[in-house]
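Structure record follows, encoded as structure tokens.
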Amino acid sequence: MADSMKGLKRTHYCGDVTETGQEVVVGGFVDRIRNKGGVIFIVLRDRTGIVQLLFNDKSDPEIFEKASSCRGEYVLMAKGKVVERESKNYKIKTGLVEIFVDDLRILAKAQTPPFEIVSDSNVNEELRLKYRYLDLRREPLQKNIIMRHEIAKVTREYFYENGFLEIETPMMMKSTPEGARDYLVPSRVHQGKFYALPQSPQIYKQLLMISGYDRYIQLARCFRDEDLRADRQPEFTQIDLEMSFVDAEDIQECVEGFVQRVFKEVIGVEIPTPLPRLTFADAMNRYGTDKPDTRFGFEIQDISGIVKNTDFVVFRNALNEGGSVRAINVKDGAGTYTRKEIDKLIEHAKGIGAKGLAYIRWADEPNCSFKKFLKDGELETICNAVGAEKGDLILICADKNKTVLSTLGAIRLICGKRLNVIPEDKYNFLWITEMPFFEYDEESGTWVAAHHPFTMPMEECLEYLDTDPANVRAKAWDLVLNGTELSSGSMRITDFELQQKMFTALGMTDEEIKAKFGFLVDAYRYGAPPHGGMGIGLDRLAMIMCKADSLRDVTAFPKVQNASELMSECPSTVDEENLSVLGIKVDIQED
RNA sequence: GGCCUGGUAGUUCAGUUGGUUAGAACGCUGCCCUGUCACGGCAGAGGUCGAGAGUUCGAGUCUCUUCCAGGUCGCCA
């Protein structure tokens, strides 16, 4: 039987015990035991830190005996006097004192954990996720979870102070088949019908503007049934906001104030505003991505004009087919990469869809993979054009524009990481503006909405709506931080006629519109103030502020790549009785 | 669904060309130690080498299949 804590009331957290002379009661987990034979030191840990408990066999043999029976991770409560240590430990906050214990309770014994509960653990993540509740005892994870709380707290304070109302929107809503796959919830009352979990509260927050709530904020859970990435979980939290009687710049200004505040208050970093801006087109051309990491160089350069007369058939073909030849000049010693390292980069490029990469490796002399196709002086011309010097590696991709840009964008990032040239303490925010309104869908051969269908096009692009979809840009923008898409926002269409026109441009029939968004379209007939908003990824923000590599490190109970949870082993099967109440029969298709 | 990386004591790893009884460190158990602090010393327990099949006189090591985890592309309006 474990001891009871009767008669004891905690007075201090472990990390706060620093003053000598006082009587304290602390509780926590046994972090470490150092038994010297006649004296025992037990290090006790809670979420604030650690403190040393002292037991002496001369002073109270019964307590000493109990202390010597303790093992790692036992849950203890101890009462005693805070005394100065004989030999001090200046490395920890409570290292100058210790608690001379006169009442010890073992509140719970503990099995030996499957891995050590220490700060610098490099245990296999699979095992840590299976025993997530133990992993969460570790200091780095506790720090992240607590910082995430701080971020949420400052978020609420900022938006509340700026007149935003926090309003909850439904978790069970109508499924809208566009975009990401929905998580579905079967209805018992309406057999054969389903609710969907929200991918975002988009529609509801727009309705709230129509209802006149003017400024809305919610820390909203969102769900998307798509494959995971390090920065993508199937359920995540969005700082969701919407504002009326504003234009894009007003919303951006408000969000700039927010990031400034949260970085200052939570990690003490000053973010200068206004934040830099880049159009989508420029971002693609310079970085090959709509979420560029601007903390380092190696920008993409178009050398189509320079190489158009070479005899290298790969370049010629790409240009003849309407593509381009572009290069990145990788500095910081990449010119000394071995053939093997370059081959690995080329393999990676092939994985993305490129046919390959040409390169000029300049260790001592420029060494060019396509030298035999070059006439005198052409190599120098290329080197000069991309600003190459000794020690550089020039990687060249020739293909369709889309392939060239996405390939070089990805390779740029790999090189930056491998060469360790990305400064860790820098926070480069960037607005990506003038996002394209339509995207070309290769599969169906049609133009589809790049955003939800209520996104406002830029006024000056309206004339191209029917004639040149590629040229239509949206009043939509992203906020990027260090190469991670943090947030996405847009102005919404409030004009009924324009909305009809957009639906038509997207090839939607009246019946489709009515079935999918009938209630929303109707709502806009009753008067809607101009409005727009954003959704800011709280998890991603926390990930970057905690300097974590994965959302799993800032999420208490995350899912793994196949969207299951290793601890509880969900999702799981449901017995037939429960299914039959819902009118559901499982019919698994074997491949 | 494609590509890449990984899986050997509880944990982190080593394991040569395929060759005797698969090792180390940490952790764990017991004993010793009155000032440790990543305490120290002595002794000990602990392995279906992810699983299955194949090649071989012989497989942790080679081949195939499969499972699990991670990264990435597709996907994510």
Side-chain angles (χ1 to χ4, degrees), chain A residues 31-43 50-59 64 68 71-73 83-92 94-96 98 111-131 134 176-182 199-200 202-203 222-234 236 344 347-354 403 406-407 410 413-414 417 435-439 441-443 447-455 474 476 485 488 490 506 508 516 537 549-550 552 560-562 564 566 591:
Chain A
D31 194 63
R32 259 202 166 79
I33 300 169
R34 291 184 282 271
N35 190 331
K36 292 295 297 177
V39 61
I40 299 173
F41 304 98
I42 291 183
V43 178
I50 55 174
V51 68
Q52 179 166 285
L53 307 179
L54 171 67
F55 302 88
N56 191 316
D57 68 347
K58 295 265 167 52
S59 57
F64 189 85
S68 69
R71 293 294 180 270
E73 299 307 311
V83 296
E84 205 179 323
R85 284 198 200 182
E86 267 181 35
S87 59
K88 300 181 177 50
N89 184 342
Y90 295 94
K91 283 183 279 188
I92 54 174
T94 62
L96 307 186
E98 61 197 351
Q111 286 183 22
T112 304
F115 52 87
E116 288 180 74
I117 314 294
V118 292
S119 290
D120 53 347
S121 165
N122 62 334
V123 174
N124 182 346
E125 196 175 12
E126 189 180 345
L127 187 72
R128 294 199 282 119
L129 285 169
K130 187 173 173 200
Y131 298 94
L134 296 179
T176 51
E178 276 93 43
R181 273 184 287 269
D182 285 328
Q199 296 181 24
S200 106
Q202 189 63 40
I203 287 171
C222 303
F223 305 84
R224 289 178 191 174
D225 188 3
E226 295 291 347
D227 286 353
L228 281 70
R229 292 282 188 281
D231 62 355
R232 220 155 75 192
Q233 282 274 315
F236 58 99
K344 212 159 178 196
E347 271 315 298
H348 201 98
K350 284 180 179 167
I352 299 165
T403 308
S406 60
T407 302
L413 210 54
I414 292 169
K417 280 179 188 156
M435 305 287 284
F437 195 91
F438 296 102
E439 265 171 3
D441 180 34
E442 307 257 351
E443 249 173 70
W447 291 88
V448 297
H451 314 274
H452 62 81
F454 316 104
T455 305
E485 183 193 317
S488 195
S490 72
L506 290 168
M508 293 171 76
K516 285 177 186 166
D549 296 321
S550 160
R552 292 187 297 272
V560 297
Q561 197 166 29
N562 63 9
S564 67
L566 297 178
D591 295 326

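A note on names: the letters A, B, ... follow the listed sequences, proteins ahead of strands, and every chain is numbered from 1.
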Return the pairing partner of B:C76 with a 3.5 Å limit on both distances, Watson-Crick or G-U wobble; otherwise return none. none
In this structure, how many angstroms lie between the P atom of B:A77 and the CZ atom of A:F454, rounded? 14 Å
Got A:L129 and A:R552 here, is their nearest side-chain heavy-atom distance under 4.5 Å? yes
With heavy atoms under 4.0 Å as the rule, sort A:K130 into base, sugar-phosphate or nothing. nothing
Would you say A:R71 places a side-chain N or O within less than 4.0 Å of OP1 or OP2 belonging to B:U29? yes
Provide the closest heavy-atom pair for A:F64 versus A:G37 in the form atom of the first, atom of the second, distance. CZ-O, 3.4 Å
Across all strands shown, which nucleotide pairs with B:G6 by Watson-Crick or G-U wobble geometry, both distances under 3.5 Å? B:C68
For B:A14, the nucleotide meeting Watson-Crick or G-U wobble distances (both under 3.5 Å) is none
Please state the P separation for the pair B:G40 and B:C26 - nearest whole angstrom. 8 Å
In whole Å, what is the span from the CG atom of A:D227 to the P atom of B:A69? 13 Å
If I take atom CG in residue A:L54 and atom C1' in nucleotide B:U34, what distance separates them, rounded to the nearest angstrom? 10 Å
With rounding to whole Å, what would you report as the distance between B:A9 and B:G46 at their P atoms? 15 Å
The side chain of A:H451 lies closest to which of these nucleotides: B:C75, B:U34, B:A77? B:A77
Pairing partner of B:U21 (Watson-Crick or G-U wobble, both distances under 3.5 Å): none
Between B:U36, B:G71, B:A77, spot the one nearest the side chain of A:Q202, thanks. B:A77
Given B:U11, B:C39, B:A77, which nucleotide is nearest the side-chain atoms of A:R34? B:C39
Base, sugar-phosphate or nothing for A:R85? Non-hydrogen atoms, less than 4.0 Å. base
Looking only at side-chain atoms of A:S87, point me to the closest of B:C37, B:G27, B:G74. B:C37
Roughly, in whole Å, what's the span from CD in A:E86 to C1' in B:U34? 9 Å
Check every strand shown and say whether A:N56 touches a base, only sugar-phosphate, or nothing at a heavy-atom separation below 4.0 Å. base
Protein-nucleotide distance (A:K36, atom NZ; B:C39, atom P), rounded to Å: 11 Å
Check every atom of B:A77, B:C39, B:G74 against the side chain of A:R232 and return the nucleotide holding the closest atom. B:G74
If the C1' atom of B:U48 is compared with that of B:A59, how far apart are they to the nearest Å? 14 Å
Base, sugar-phosphate, or nothing for A:R32, non-hydrogen atoms under 4.0 angstrom? sugar-phosphate
Report the nucleotide, chosen from B:G27, B:A77, B:C73, that has the shortest atom-to-atom distance to any side-chain atom of A:E439. B:A77
Just compare B:U34, B:C68, B:G10 and give me whichever is closest to any side-chain atom of A:P114. B:G10
When you compare B:G50 with B:A22, how far apart are their P atoms, in angstrom units rounded to a whole number? 16 Å
Tell me, yes or no, whether the heavy-atom count around A:K417 atom NZ, taken from other residues, nucleotides or ligands under 6.0 Å, exceeds 12. no
Can you find a heavy atom in the side chain of A:R34 that is under 4.5 Å from one in the side chain of A:V43? yes
Using the P atom on both, measure B:G2 against B:C39 and round to a whole Å. 48 Å
Report yes if at least one side-chain N or O of A:R128 is closer than 4.0 Å to OP1 or OP2 of B:A69; otherwise report no. no
Heavy-atom distance under 4.5 Å between the side chains of A:V560 and A:N562, does that happen here? yes
Between A:H452 and A:S550, which residue's closest nucleotide on RNA chain B lies nearer the 5′ terminus? A:S550
Rounded to whole angstrom units, what separation is found between the CG atom of A:N124 and the P atom of B:G70? 10 Å
Could you pull out the closest heavy-atom pair between A:K36 and A:F41, with the gap in Å? CG-CE1, 4.0 Å
Nearest listed nucleotide, side chain of A:F41, among B:C28, B:G35, B:G74: B:G35
Result for 5'-nearest mapping on RNA chain B, choosing between A:N89 and A:N562, is A:N89
Determine the interatomic distance between C1' on B:G71 and the same-named atom on B:C28; round to the nearest Å. 34 Å
Look at all strands and tell whether A:L127 reaches a base, only sugar-phosphate, or nothing, counting heavy atoms closer than 4.0 Å. sugar-phosphate
Can you tell if the side chain of A:E73 reaches within under 4.5 Å of the side chain of A:Q111, non-hydrogen atoms only? no
Would you confirm whether A:H451, through its side chain, and A:P436, through its main-chain N or O, come within 3.5 Å as a donor-acceptor pair? yes
Once you apply a heavy-atom cut-off of 4.0 Å, does A:A410 come out as touching a base, just sugar-phosphate, or nothing? nothing
Looking at B:G70, B:C75, B:G35, which one has an atom nearest to any side-chain atom of A:R181? B:C75
Roughly how many Å is it from CZ in A:F64 to P in B:C33, rounded to a whole number? 10 Å
I'd like the P distance from B:G44 over to B:C49, given in whole Å. 25 Å
So what does A:E98 hit on the nucleic acid, given a heavy-atom distance under 4.0 Å: a base, only sugar-phosphate, or nothing? base
Determine the Euclidean distance between corresponding C1' atoms of B:G23 and B:U61; express it in Å to zero decimal places. 16 Å
Using Watson-Crick geometry (N1-N3 plus N6-O4 or O6-N4) or G-U wobble (N1-O2, O6-N3), each under 3.5 Å, B:U34 is paired with none
When you measure from the side-chain N and O atoms of A:K91 to the phosphate of B:A38, is any distance below 4.0 Å, counting only OP1 and OP2? yes
Does any nucleotide pair with B:G54 by Watson-Crick or G-U wobble geometry, both distances under 3.5 Å, and what is it? B:C62
Quick check for you: among B:C75, B:C26, B:C37, whose closest atom lies nearest to any side-chain atom of A:E116? B:C26
Salt bridge check, A:R232 against A:E226: does any charged N sit closer than 4.0 Å to a carboxylate O? no
Grab the CG-P distance between A:L53 and B:G35 for me, whole Å please. 19 Å
